[in-house]
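Accompanying notes for the structure given below.
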Amino acid sequence: MDTMRERFASVVSHLLDDDPRLAVVLAEIGKDGLTDAARAHPDRVINVGIREQLLVGVGGGLALTGMRPILHTFASFLVERPFEQVKLDFGHQGVGGVLVSAAGSYDWPAGGYTHMAPGDVALLDTLDGWTVQVPGHPDEAETLLRDAAAAGDDSVYVRLSAHSNSAPRDIAPGRFLTVREGRGGVVIAVGPMLDSVLRAVEGLDVTVLYATTVRPFDERTLRATAGAAVDVVLVEPYLAGTSTAVVNDALADRPHRVLGLGIARRELRRYGTIDEHLAGQGLDPASLRERISGFLG
């Protein structure tokens, strides 16, 4: 199976062939996967070098001319480092584009904390109007990338990761997928957390919703699932509690409790592997079962 990043390169290369409005802007990272696309479309595959603020500025400038820019690099370099440019060159200018990140929260632990971005979605949440997509499988990444490229002038963030579920789901952009139904609470698994959540809740009488679009949040499906009163557990592959306020707002007229699980604010100063970081954050199946069961009681 190819990775989400490999799928990004192949999908975007074909999209460039089909849509003259699209342009890709890179900051060195990811250029090898787009070598052929750059050769075929030298005016629409632009590598600015290791200049992340310029990456976003060029993308905003292209959007002002009517182009649909697709910007790509690691999440820490795409959202966190050039955040002021994202805020001003897209949001303040009133233009849209597609930001496609890689490396997730800790895909490459050996790169150190500079290459980790557990706070990217929370940071984008301070801005107005961004759609945030978090695929859990390369096939889902392709679906969401194609949808983002065709999304008019909207601002879309697609969060790719080496952390992946074993199989794709039949997702629809903007909607949660009901994976299983139960009466003892609702567990919302975001993107690549689905496999671990399903293992964690085996034998528990809970509903599992699968979220690959987290902004806008699918309040309708949550409310339809929740009933008159409900306990909700959020399992997100980024900063814990990022979507807790959204769930509280969605259920403001009903008795409810919310537990937000994800990446803690404390920094794990270790390299290791993705699986070791998941265990260290309490996001492996055994830890999730203990935390979910303890909360739902």
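Starting from 1, each residue takes its place in the sequence as its number.
- In terms of modelled atom types and a separation under 3.5 Å, the side chain of Thr207 and the main chain of Gly182 share a donor-acceptor contact.
- Of the candidates Asp120, Asp128, Asp125, Asp125 is the only one forming a salt bridge (Lys or Arg N to Asp or Glu O under 4.0 Å) with Arg215.
- Side-chain atoms of Asp107 come within 3.5 Å of backbone atoms of Ala162 as a donor-acceptor pair (strictly under, hydrogens ignored).
- In this structure, the separation between CG on Leu78 and CZ on Phe83 is 12.0 Å, given to the nearest 0.5 Å.
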Pair Glu140, Tyr210 - check side chain to side chain contact (heavy atoms under 4.5 Å, CB included), show working. CA-CA 12 Å; Glu140 298 168 3; Tyr210 181 40; 2.6 Å; yes
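- Distance CG/Asp170 to OG1/Thr143: 8.5 Å, rounded to 0.5 Å.
- No donor-acceptor pair under 3.5 Å is formed between the side chain of Ser161 and the backbone N or O of Ala103.
- The ring-ring contact (aromatic ring centres under 6.0 Å, His included) test applied to Phe217 returns Phe176, not counting sequence neighbours.
- If you take CD1 on Ile29 and OG1 on Thr73, they are separated by 3.5 Å, rounding to the nearest 0.5 Å.
- Checked against Asp139 for a salt bridge (Lys or Arg N to Asp or Glu O under 4.0 Å), the options Arg146, Arg169, Arg7 give a single hit: Arg7.
- Side-chain N or O atoms of Ser287 include none that pairs as donor or acceptor with a backbone N or O of Leu283 at under 3.5 Å.
- By the 4.5 Å side-chain criterion applied to Ile, Leu, Val, Met, Phe, Trp and Tyr, Leu88 is assigned to no cluster and stands alone.
- Within a 6.0 Å sphere centred on CZ of Arg21, heavy atoms belonging to other residues, nucleotides or ligands number more than 12.
- For the pair Val246 and Asp249, the minimum side-chain heavy-atom distance is 4.5 Å or more.
- With respect to Arg223 and Asp253, a salt bridge is recorded, a charged nitrogen being found less than 4.0 Å from a carboxylate O.
- Across Pro216 and Thr131, no two heavy atoms sit closer than the pair CD-OG1, 3.9 Å.
- Side chains of Thr213 and Gln133: a donor-acceptor N/O pair is present below 3.5 angstrom, by distance only.
- Put simply, the side chain of Val230 does not reach to within 4.5 Å of the side chain of Thr225, judged on heavy atoms.
- Side chain of Arg68 to backbone of Ala150: no donor-acceptor contact under 3.5 angstrom is found.
- With sequence neighbours left out, the salt bridge (Lys or Arg N to Asp or Glu O under 4.0 Å) criterion links Arg183 to Asp205.
- Around atom CD of Glu84, no more than 12 heavy atoms belonging to other residues, nucleotides or ligands sit under 6.0 Å away.
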Residues Leu55, Phe77; criterion side chain to side chain contact (heavy atoms under 4.5 Å, CB included); working and verdict: CA-CA 10 Å; Leu55 166 77; Phe77 305 147; over 6 Å; no
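- Between the side chain of Arg175 and the backbone N or O of Thr221, no donor-acceptor pair lies under 3.5 Å.
- The two residues Ser105 and Pro237 come nearest to each other via the heavy atoms OG-O, 2.6 Å.
- Considering only heavy atoms from C-beta on, Ser101 stays 4.5 Å or farther from Val79 through its side chain.
- With no hydrogens or angles considered, a side-chain donor-acceptor pair links His256 and Asn248 at under 3.5 Å.
- Other cluster members for Val11: Met4, Phe8, Val12, Leu15, Leu16, Leu22, Val24, Leu26, Leu34, Val45, Ile70, Val98, Val100, Leu145, Val156, Val158, Leu160, joined by side-chain heavy-atom distances under 4.5 Å among Ile, Leu, Val, Met, Phe, Trp and Tyr.
- Think of Tyr271 as one node in a network of Ile, Leu, Val, Met, Phe, Trp and Tyr side chains linked at under 4.5 Å; it has no links at all.
- Electrostatic pairing of Arg44 and Asp19 does not count as a salt bridge here, judged by no charged N lying under 4.0 Å from a carboxylate O.
- Rounding to the nearest 0.5 Å places CD1 of Ile274 at 13.0 Å from CH2 of Trp108.
- The closest donor-acceptor contact from the side chain of Arg159 to the backbone of Val132 lies at 3.5 Å or more, if one exists at all.
- By the 4.5 Å heavy-atom criterion applied to side chains, Phe295 and Leu261 are not counted as neighbours.
- Counting non-hydrogen atoms of other residues, nucleotides and ligands closer than 6.0 Å to CD of Glu6 gives a total above 12.
- At least one donor-acceptor pair under 3.5 Å links the side chain of Arg180 to the backbone N or O of Val206.
- Ser76 places no side-chain N or O within donor-acceptor distance of the main-chain N or O of Ala117, the cut-off being under 3.5 Å.
- When the shell of 6.0 Å around CZ of Arg220 is examined, it contains 12 or fewer heavy atoms from other residues, nucleotides or ligands.
- Remark: Asp17 pairs with no residue by the salt bridge (Lys or Arg N to Asp or Glu O under 4.0 Å) rule, at least two apart or across chains.
- Residues Val86 and Leu123 have side chains not in contact (no heavy-atom distance under 4.5 Å, counting atoms from C-beta outward).
- Leu209 is listed as a side-chain neighbour of Thr178, based on a closest heavy-atom distance under 4.5 Å.
- With sequence neighbours excluded, the residues forming a salt bridge (Lys or Arg N to Asp or Glu O under 4.0 Å) with Arg81 are Glu52, listed by chain and number.
- For Tyr106, the ring-ring contact (aromatic ring centres under 6.0 Å, His included) partners two or more places apart in sequence, or in a different chain, are His277.
- Using a 4.5 Å cut-off between side-chain heavy atoms of Ile, Leu, Val, Met, Phe, Trp and Tyr, Ile50 forms no hydrophobic cluster with any other residue.
- With sequence neighbours left out, the side chain to side chain donor-acceptor pair (under 3.5 Å) criterion links Glu236 to Tyr238, Ser243.
- Heavy atoms from other residues, nucleotides or ligands lying under 6.0 Å from CD of Gln93 number more than 12.
- Connection of Leu204 to Val235 is established within a shared hydrophobic cluster, with ILVMFWY side chains joined at heavy-atom distances below 4.5 Å, either directly or through further cluster members.
- Remark: Arg51 pairs with no residue by the salt bridge (Lys or Arg N to Asp or Glu O under 4.0 Å) rule, at least two apart or across chains.
- Summarising the local packing, CG of Asp18 is surrounded by more than 12 heavy atoms from other residues, nucleotides or ligands at distances under 6.0 Å.
- Note: Asp153 CG to Phe90 CZ = 11.0 Å, rounded to the nearest 0.5 Å.
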Give every donor-acceptor pair under 3.5 Å between a side-chain atom in residues 192-200 and any protein atom, sequence neighbours left out.
unit_1	atom_1	unit_2	atom_2	d
Asp195	OD2	Ser166	N	2.6
Asp195	OD2	Ser166	OG	3.2

